[in-house]
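Right, one structure below, let's go through it.
Note that this is a predicted model, so its numbers are computed, not measured.
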Amino acid sequence: MEKKNVLIISDNFLKGGLERHILNQYNGLKNKINFVFLFSNYIEHDDFKDSKIYHYEVERDITVNKFLLAIDKIVEIVVKEKIDIIHVHPFNSIFPAFIASQITKKPIVYTVHGFASLSFINFYSGINNDILFKIYLNNCNPAIITVNNDHYNVLQNKYLAKNIYYIPNSINTSLFKNIKLEKNNKWLLISRLDKDKMEVEEVLKILNKLDISLDIIGDGEKREYLENLTKELKLEDKVTFKGFKDDIPKEINKGYNGIIGVGQVVLEGLCSNLPVLLIGYKKITGLIDKKLLDDIKDRNFINCNLANEFDINEFEHVNDNLKKYQLRDEIVKNYDVKITNEKYYNILMNTKFWQFDSLVKIYDDLKKVCSENEMLANEQISNSKNVFYILKENLSLQVTDPEIINIFKTYDSLFTIQNLKNDIDKVEYKVDNIGLREVSKRTIRNFKKTFFKDE
């Protein structure tokens with residue numbers, strides 16, 4: 001079979017679980033697929049030294065103009081590199097990739113990495129983004145890969161998606177050896193240090209109750225805050241911040257009693273046959289035994305929706321009952337990249353393009369209006385009422401999803417009221433400036449109180 005050209009799009013390729021996820025697919029399948037990459041933020045990586053890597057700008061609350069430029073960049077790469085399939089990862093890249101796939105008529109795959117990929121609470125809080133997301137998953141039928149089986153029902157019921165595949169996260173198990181455990185009460189925590197990973201703070205807060213020292217691998221916007229917290233808690237002698245490290249298997253093999261982490265770190269620690277303390281969602285859950293592993297294995301190895309069962313006494317006696325927490329055989333058997341890459345490859349090879357002309361029309365209309373209206377071009381696409389009306393004009397007659405229909409009705413009314421309020425504000429301003437009698441001013445104020453109670 002002739003090798004397909006696949007464009008991988010992601011906001012970031014820095015250092016973390018998502019990056020290791022992409023690397024596992026790349027290294028396992030580069031002999032069968034020609035990979036091309038498009039990143040917004042990228043740190044050079046040795047594995048990609050022979051790969052074609054492009055850069056573009058996407059950001060949260062992107063302006064209409066930058067949104068269109070991002071779409072154009074993807075289209076340009078698809079044409080230049082003769083791309084057969086587009087594969088996009090969250091977050092800001094999703095919408096430009098969706099529309100570019102419609103313009104180029106190329107099939108698209110979308111990997112959902114967490115609930116934020118669906119809820120958009122922390123990333124896309126806009127009316128228009130919610131409409132676009134639901135419309136696309138409902139009408140364009142992309143191939144959706146989820147690493148968490150809990151997403152399946154949400155995708156089917158909330159977003160009416162059909163073409164959904166569950167592939168658990170995985171690791172290259174051959175890189176993680178059966179390590180001889182050191183009963184030295186020295187633990188290794190691996191995590192990004194940003195606002196979405198503040199369970200590290202919870203670990204620091206209880207560290208004085210635990211007779212362990214802690215190395216922390218990771219970096220991010222909250223590192224300075226966590227380092228200062230370490231000083232406040234007088235933990236400098238117990239905690240070492242080691243920053244980002246490229247070679248995680250090598251770091252794990254430096255003589256630790258156990259690993260602390262969530263998601264892919266769970267797989268890496270257990271595959272090394274070390275005890276793993278599960279953290280996440282701003283809490284500490286507990287040591288992973290077979291029962292807890294069964295609870296989290298289909299949830300991307302996270303503790304979302306799990307009760308906090310952390311038992312300090314159990315943790316302090318982990319070395320007395322090690323076999324309970326040494327689960328390497330289970331990880332090697334079920335979560336090796338060779339297994340998951342085969343599933344991923346089959347999805348790519350069987351992905352079909354589903355046409356939905358309305359998205360191309362939306363793109364054309366946005367282009368036209370932006371060329372005529374500089375103010376619109378600089379508006380944030382997420383809550384722009386001008387964008388909303390373009391979406392409504394192109395989508396309202398083709399949408400059957402009652403939730404979307406309700407969004408159109410609700411926000412159409414809100415924008416109408418907002419327009420009316422703006423007009424009344426202008427009248428009030430003129431009244432103040434031309435010096436009409438106080439009774440006229442009072443009439444306008446009473447009108448606003450009656451009709452704009454929430455203002």
Give the C-alpha distance, both sets of side-chain angles, the deciding distance and a yes or no for side-chain contact (heavy atoms from CB on, under 4.5 Å) between N128 and L391. CA-CA 8 Å; N128 300 323; L391 295 180; 3.6 Å; yes
Criterion salt bridge (charged side-chain N to carboxylate O under 4.0 Å, His left out) on K282 and E202, from CA distance to verdict: CA-CA 7 Å; K282 298 183 180 180; E202 301 306 312; over 6 Å; no
Verify salt bridge (charged side-chain N to carboxylate O under 4.0 Å, His left out) between E330 and K333, making sure each step is shown before the conclusion. CA-CA 5 Å; E330 175 113 2; K333 179 181 176 182; over 6 Å; no
Checking I347 against I167 for the side-chain contact (heavy atoms from CB on, under 4.5 Å) test, could you report, in this order, the C-alpha distance in whole Å, the side-chain angles of both residues, the deciding distance, and whether it holds? CA-CA 10 Å; I347 290 169; I167 303 181; 3.5 Å; yes
Going through the distances and angles, do R192 and D194 end up as a salt bridge (charged side-chain N to carboxylate O under 4.0 Å, His left out)? CA-CA 6 Å; R192 294 197 317 271; D194 58 30; 2.8 Å; yes
Yes or no on side chain to side chain donor-acceptor pair (under 3.5 Å) for S272 and Y256, after CA distance, side-chain angles and deciding distance? CA-CA 11 Å; S272 303; Y256 290 100; over 6 Å; no
Give the C-alpha distance, both sets of side-chain angles, the deciding distance and a yes or no for side chain to side chain donor-acceptor pair (under 3.5 Å) between E251 and N253. CA-CA 5 Å; E251 295 299 320; N253 200 16; over 6 Å; no
Tell me, with the steps shown, if F39 and I53 meet side-chain contact (heavy atoms from CB on, under 4.5 Å). CA-CA 8 Å; F39 301 127; I53 298 176; 4.0 Å; yes
side-chain contact (heavy atoms from CB on, under 4.5 Å) evaluation trace for Y56 with L69: CA-CA 9 Å; Y56 79 144; L69 289 173; over 6 Å; no
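Taking the six-membered ring where the residue is Trp, F98 and Y136 present parallel rings, their angle staying beneath 30° rather than reaching 60°. Between H21 and H113, the two ring planes are perpendicular [angle over 60°; tilted spans 30° to 60°]. Classification of the F315-W187 ring pair by plane angle, with boundaries at 30° and 60°, yields tilted. The aromatic rings of Y335 and F301 stand perpendicular to each other, their planes meeting at an angle above 60°, with 30° marking the opposite boundary.
For NZ of K66, the number of neighbouring non-hydrogen atoms (other residues, nucleotides, ligands) closer than 6.0 Å is 12 at most. Taking a 6.0 Å sphere around CG of D211, one finds it holds 12 or fewer heavy atoms contributed by other residues, nucleotides or ligands. Counted within 6.0 Å of CG on D46, heavy atoms from surrounding residues, nucleotides or ligands total 12 or fewer; the atom is thus considered open. The environment of CD in E342 is sparse: at most 12 heavy-atom neighbours from other residues, nucleotides or ligands sit within 6.0 Å. For CD of E182, the number of neighbouring non-hydrogen atoms (other residues, nucleotides, ligands) closer than 6.0 Å is greater than 12. The neighbour count for K254 NZ, taken as heavy atoms of other residues, nucleotides or ligands under 6.0 Å away, is above 12. Few gaps surround NZ on K242; more than 12 heavy atoms of other groups in view lie less than 6.0 Å from it.
Applying the salt bridge (charged side-chain N to carboxylate O under 4.0 Å, His left out) test to residues at least two apart or on different chains, the pairs with a partner in residues 81-103 are K52-E81. Residue pairs meeting the salt bridge (charged side-chain N to carboxylate O under 4.0 Å, His left out) criterion with at least one partner in residues 20-31, sequence neighbours excluded, are R20-E268. Residue pairs meeting the salt bridge (charged side-chain N to carboxylate O under 4.0 Å, His left out) criterion with at least one partner in residues 220-230, sequence neighbours excluded, are D219-R223, R223-E227.
Contact check for Q264 versus N24: side-chain heavy atoms found under the 4.5 Å cut-off. F310 has its side chain out of reach of T285: every pair of non-hydrogen atoms, C-beta onward, lies at least 4.5 Å apart. Contact of the V109 side chain with the L348 side chain is registered, since non-hydrogen atoms from C-beta on lie closer than 4.5 Å. Between L274 and Y325, the closest side-chain pair of non-hydrogen atoms is not below 4.5 Å. In this structure, I71 and F67 have side chains that are in contact, with non-hydrogen atoms separated by less than 4.5 Å. With contacts defined as side-chain heavy-atom distances shorter than 4.5 Å, the pair T230/F241 qualifies. Contact check for I74 versus L7: side-chain heavy atoms found under the 4.5 Å cut-off. Side chains of V266 and I288 form a contact here, defined as non-hydrogen atoms less than 4.5 Å apart.
The closest donor-acceptor contact from the side chain of N350 to the backbone of N346 lies under 3.5 Å. A distance-only check finds a donor-acceptor pair linking the side chain of S358 to the backbone of N394 [under 3.5 Å]. The closest donor-acceptor contact from the side chain of D247 to the backbone of K250 lies under 3.5 Å. N141 places no side-chain N or O within 3.5 Å of a backbone atom of W354 that could act as its donor or acceptor partner. Using modelled atom types, no side-chain atom of N257 and backbone atom of L181 make a donor-acceptor pair closer than 3.5 Å. One N or O on the side chain of T104 and one on the backbone of A100 form a donor-acceptor pair closer than 3.5 Å.
Considering CD of E201 and CG of L226, their distance stands at 6.5 Å, rounded to 0.5 Å. The distance from atom CG of N178 to atom SG of C271, rounded to the nearest 0.5 Å, is 9.0 Å. The NZ atom of K290 sits 15.5 Å away from the CD atom of Q326 when rounded to the nearest 0.5 Å. With values rounded to the nearest 0.5 angstrom, E316 atom CD is found 9.0 Å from D311 atom CG.
G255 approaches N184 most closely through the heavy-atom pair O-ND2, 3.0 Å. Smallest separation of non-hydrogen atoms from H45 and L23: NE2-CD1, 3.4 Å. Considering every non-hydrogen atom in both L293 and L270, the closest pair reads CD1-CD1, 4.1 Å.
Remark: the S40 side chain and the H55 side chain contain no N/O donor-acceptor pair separated by less than 3.5 Å.
The only option from N172, D47, N341 that meets the side-chain hydrogen bond (donor to acceptor under 3.5 Å, both in side chains) definition with N27 turns out to be D47.
K291 is linked by a side chain to side chain contact (heavy atoms under 4.5 Å, CB included) to D289, D295, counting only residues two or more places apart in sequence or in another chain. Applying the side chain to side chain donor-acceptor pair (under 3.5 Å) criterion to T340, with sequence neighbours excluded, gives S170. Partners of N378 by side chain to side chain contact (heavy atoms under 4.5 Å, CB included), not counting sequence neighbours, listed by chain and number: E374.
For F13 and F37, the gap between ring centers reaches or exceeds 6.0 Å.
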